[in-house]
Amino acid sequence: MGEEYYWGETLKVNKVLILVEGQSEETFVKEVLAPHLSDFGVEAVPTLVIHKFVKRGSANLKGGIFDYEVVKRHLYRLLQDSKVKLVTTMIDFYGLPDNFPGQKDLPIASSYSQVEHLEKAFEQDIGYQSQRFSAYLQLHEFEAMLFVAPDKMAQVFPGSDSIRQIAAVKLADIKKAFGSPEEINNNKQTAPSKRILSLFLGYEKPLYGTLIALDIGLDLIRSECSHFNQWLTKLEGLGTI
């Protein structure tokens, strides 16, 4: 925990390390979450899960979740920092590896019940300094939150206004088929990012995803994404501790 100075007053800053799955989440934390949480006295720092180092440097680092043991090693390393208030994650529910805790006895239930089951199993498996670790799995992936505002999503699509209007209608129809954007869904063909790519082949997740999120704003996202809102509320609360 560090200190910052505002108008002659000292503000305690609680540092949070967020282990993220890919560059989309990393950029989202840096450009959307971190500025927001700083107003609560919380410093959010993303750390990308790395599975493969390519010879020519960080531009070629490969992210993603392919093996739970890699995630576990990353978390144990982050938890070694005694100055950190909390270590958490931003990992997609969609595409989790088979060896992820809780996968073998995943209940046949709502997606919200399933993700809570996995988060609990995840925290129990980490165990070490578990009071400083809080698991968060994104339902079902980062792009789900963007479906909060189909019209804003469509604005990044190439082409004429009429093409973007058609895209907005198609995206809105997808959203209407689910109870909430977070429930769009755990399938290789129909996961949120796959649905966007089917309409916009040039969609680049780290770039467009964050631009859309910034345009939508956190207030609207959290109003329709209850699981994300619970996590963000917990992080905001760290600034009062």
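Worth saying up front: this structure is predicted, and the values here are computed from it rather than measured.
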Measure the spacing between [atom1] of [X] and [atom2] of [Y] and express it to the nearest 0.5 Å.
X: I126; Y: L75; atom1: CD1; atom2: CG; answer: 4.5 Å
X: K234; Y: L238; atom1: NZ; atom2: CG; answer: 7.5 Å
X: E183; Y: F178; atom1: CD; atom2: CZ; answer: 8.5 Å
X: E25; Y: T89; atom1: CD; atom2: OG1; answer: 10.5 Å
X: Q155; Y: I212; atom1: CD; atom2: CD1; answer: 10.0 Å
X: I18; Y: L86; atom1: CD1; atom2: CG; answer: 9.0 Å

Side chain [X], main chain [Y], donor-acceptor under 3.5 Å:
X: E236; Y: F40; value: no
X: N14; Y: K85; value: no
X: Q80; Y: R77; value: no
X: E21; Y: V49; value: no
X: D92; Y: F142; value: yes
X: Q103; Y: D98; value: no

Begin with the C-alpha distance, continue with both residues' side-chain angles, and end with the deciding distance and a verdict on side chain to side chain contact (heavy atoms under 4.5 Å, CB included) for M90 and W231. CA-CA 10 Å; M90 191 175 186; W231 179 59; 4.2 Å; yes
List the atom of [X], the atom of [Y], and the distance in Å for their closest heavy-atom pair.
X: E141; Y: S193; value: OE2-N, 2.6 Å
X: S82; Y: R132; value: CA-NH2, 4.0 Å
X: M153; Y: I196; value: CE-CD1, 3.6 Å
X: P206; Y: Q23; value: CG-CB, 3.8 Å
X: A149; Y: L220; value: CB-CD2, 4.4 Å
X: V71; Y: I91; value: CG1-CD1, 4.1 Å

Please lay out, stage by stage, how N186 and S111 fare under the test side chain to side chain contact (heavy atoms under 4.5 Å, CB included). CA-CA 9 Å; N186 192 27; S111 56; over 6 Å; no
Under the rule for ring pair (Phe, Tyr, Trp, His ring centres under 6.0 Å), what residues qualify as partners of [X], not counting sequence neighbours?
X: F147; result: none
X: Y203; result: none
X: F228; result: none
X: H227; result: Y136

Side-chain contact, heavy-atom cut-off 4.5 Å: [X] with [Y]?
X: K15; Y: E43; result: yes
X: E143; Y: R195; result: no
X: M145; Y: P181; result: no
X: I184; Y: P192; result: yes
X: Q114; Y: L139; result: no
X: L33; Y: L218; result: yes

Above 12 or not: heavy atoms from other molecules or residues under 6.0 Å from NZ of K72? yes
Apply side chain to side chain contact (heavy atoms under 4.5 Å, CB included) to V156 and L207, showing your working. CA-CA 10 Å; V156 305; L207 172 62; over 6 Å; no
Is it the case that [X] and [Y] place a side-chain donor and acceptor less than 3.5 Å from each other?
X: E31; Y: T210; value: no
X: Y112; Y: S180; value: yes
X: H117; Y: D105; value: yes

Flag yes if [X] and [Y] sit in one hydrophobic cluster, no otherwise; membership is Ile, Leu, Val, Met, Phe, Trp, Tyr, and two members link when side-chain heavy atoms are under 4.5 Å apart.
X: L171; Y: V169; result: no
X: I166; Y: Y208; result: no
X: F200; Y: L211; result: yes
X: F28; Y: L214; result: yes

For L137 and L96, what are the C-alpha separation, side-chain angles and deciding distance, and is it a side chain to side chain contact (heavy atoms under 4.5 Å, CB included)? CA-CA 10 Å; L137 300 178; L96 286 175; 4.1 Å; yes
side-chain hydrogen bond (donor to acceptor under 3.5 Å, both in side chains) contacts in which one or both residues fall within residues 162-177, not counting sequence neighbours: S160-S162, D161-R164, K175-E224
Consider side chain to side chain contact (heavy atoms under 4.5 Å, CB included). Of T88, T47, V29, which one does V20 pass it with? V29
Across all chains, not counting sequence neighbours, the side-chain contact (heavy atoms from CB on, under 4.5 Å) partners of A167 are A154, F157
